[in-house]
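Let me begin by presenting the structure, written as structure tokens, before commenting on it.
Every chain is numbered from 1, with letters handed out A, B, ... down the list of sequences.
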Protein chains: 2
Amino acid sequence: MAKPGPRQAAGTAARERSADVRAALVTAAIGALRETGFAGASARAIAGRAGCSQALVFYHFGSVSDLLLAALDEVSTLRMAAYRGLLDEAESVTALVDSAREIFLADLDAGHVRVLVEMITGAHSVPGLGPQVAERLAPWREFAETAARRALGRSPLARLLPSAEAAHAVVAGFLGLEMLASLDGDRVAALALFDRARALARLLDAASGLGRLL
Amino acid sequence: MAKPGPRQAAGTAARERSADVRAALVTAAIGALRETGFAGASARAIAGRAGCSQALVFYHFGSVSDLLLAALDEVSTLRMAAYRGLLDEAESVTALVDSAREIFLADLDAGHVRVLVEMITGAHSVPGLGPQVAERLAPWREFAETAARRALGRSPLARLLPSAEAAHAVVAGFLGLEMLASLDGDRVAALALFDRARALARLLDAASGLGRLL
DNA sequence: GTCTATACTTGGATAGAC
DNA sequence: GTCTATCCAAGTATAGAC
């Protein structure tokens, strides 16, 4: 680490306050991405939200992009934990879709998906940012694939639709739903799609039950 | 029209050159949106591409946003004509998916979908732009719905999945696929999904054929 | 209509005081 | 570590010459 980042040799109180500022900046960056998008997430705007000087963005993170990546990391890891929990607990496909619906709609409202979409599209305007965002998207693609494998595993659809492709479609669908929802503020359409997915999941569960009997 | 747009009282040659510049700006705006995204589509960058002065952006269109909307209109109407043609000619669902696959992948490569995605996400950073982009997206949602109605109309899936919801999912899916493709340059994944859709379409056609026999 | 020149704003990033 | 002050680049938009 040859970066001009914060030194660790301060007193305990000072180090704590420094960590507070760092955390406040990350939180503020998330809020800025969510409410004003990538273009609105400037060092000045973020520092204003965090209640500190704009210079601290560069002291703590080196650049605005690196702060935004830290913000993406924060959202991503927190939400990933929630989704992993639901995946482990779901016994049936219906239950899986059911809790996915609940968490995803909550994320839609909380703006977590928006943060991801903004980072993906905003990456175009900053050289070298694309691959770093892709890195952070990778765990989600893997997660979607294991979820798809679990959902399709025993059903007759498994050979009709490989889990890798299903996962790609699901991730793309989530991103696209967020784009449409953020354009016209319509979250009802996404909700209706989840209800439909739930009905289809019931069919899958039924088919899976039949398969086990044969 | 009280706007400061171009006057129509010039000689024929002058009016023609003016129209040329206007068209060149629209073309340049499309290229800028496609290659450098919304953030890179500044008046300076666009004028540079068009080979004219940056001031002409404001003379002809009043603002950068209005030029970008004109660019979106151009792409949207041109591509809509192509898609409508294929919808009218397709006799079977398989044929429908087949030509949709061809045109959409061509659009992906040509950057037409990218222009739309950039305008949707970029709309967040310009007050009042969102509804105007939504207006231009509406025809695509309608188109997707008639296509879905035609594809599902005679199949057993029609009651399982209303065409309005299918259309919403398809539009979201297209937008999401473009985002993923533009992030890692992977168009193969989108291609694989279309191949899969084609296989499913064959099943639908078969089911529809059976339905007609009964 | 088209150009050059310019006013004004905002943003990334750094310097130096404390 | 945090601040204020500042530099520089890039953007929108307008004024005025041609």
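- Residue-level contact check: Val57(A) touches neither bases nor backbone, having no heavy atom under 4.0 Å from any strand.
- Annotation: side chain of Tyr59(A) is not in contact with side chain of Val21(A) (no heavy-atom distance under 4.5 Å).
- Of the listed nucleotides (dT2(C), dA13(D), dG1(D)), dA13(D) has the atom at the smallest distance from the side chain of Phe58(B).
- Within the structure, the ring pair (Phe, Tyr, Trp, His ring centres under 6.0 Å) test picks out the following pairs touching residues 112-144 of chain B (sequence neighbours left out): Tyr83(B)-Trp140(B).
- In this structure, Val21(B) reaches the sugar-phosphate backbone alone: every heavy-atom distance under 4.0 Å involves primed, P, OP1 or OP2 atoms, never a base.
- In this structure, NE2 of His60(A) is placed 16 Å from C1' of dT14(C), rounded to the nearest angstrom.
- Pairs engaging residues 87-110 of chain B under the ring pair (Phe, Tyr, Trp, His ring centres under 6.0 Å) rule: Phe104(B)-Phe174(B), Phe104(B)-Phe194(B) [sequence neighbours left out].
- Annotation: the terminal axes of the helix from dG1(C)-dC18(D) to dC18(C)-dG1(D) meet at 10°, where each axis is the rotation carrying the C1' atoms of four end pairs onto the next four (5 pairs per end, rounded to 10°).
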Enumerate donor-acceptor pairs with a distance under 3.5 Å from any side-chain N or O in residues 22-33 of chain A to protein atoms, sequence neighbours excluded.
unit_1: Arg22(A); atom_1: NH1; unit_2: His60(A); atom_2: O; d: 3.2
unit_1: Thr27(A); atom_1: OG1; unit_2: Ala23(A); atom_2: O; d: 3.0

Protein N or O to nucleotides 3-5 of chain D N or O, pairs below 3.5 Å:
unit_1: dC3(D); atom_1: OP2; unit_2: Ser53(A); atom_2: N; d: 2.8

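- Residues Gln54(A) and Ser42(A) are not in side-chain contact: their nearest non-hydrogen atoms beyond the backbone lie 4.5 Å or more apart.
- Residues Arg141(B) and Ala167(B) approach most closely at O-CB, 4.2 Å, considering heavy atoms.
- The shortest side-chain heavy-atom distance between Leu137(A) and Leu180(B) falls under the 4.5 Å cut-off.
- Listed by residue number, the members of residues 30-49 of chain B with any heavy atom below 4.0 angstrom from DNA chain D are Ser42(B), Ala43(B), Arg44(B).
- Of the listed residues (Thr77(B), Leu69(B), Leu116(B)), just one forms a side chain to side chain contact (heavy atoms under 4.5 Å, CB included) with Arg136(B), and that residue is Leu69(B).
- dT2(C) atom P lies 12 Å from atom CD of Glu16(B), rounded to whole Å.
- Of all heavy-atom pairs spanning Glu178(A) and Val113(A), the tightest one is CB-CG1, 3.7 Å.
- Summarising the geometry, the separation between CG on Asp20(B) and C1' on dT2(C) is reported as 14 Å, rounded to the nearest angstrom.
- Under a cut-off of 6.0 angstrom, the local environment of CD in Glu102(A) is sparse, with at most 12 non-hydrogen atoms contributed by other residues, nucleotides or ligands.
- For the pair Tyr59(A) OH and dG16(C) P, the computed distance is 17 Å after rounding to whole Å.
- Counting heavy atoms from C-beta outward, Arg79(A) and Ile103(A) have side chains that approach closer than 4.5 Å.
- Counting to the nearest Å, the P atom of dT14(C) and the CZ atom of Phe61(A) are 16 Å from each other.
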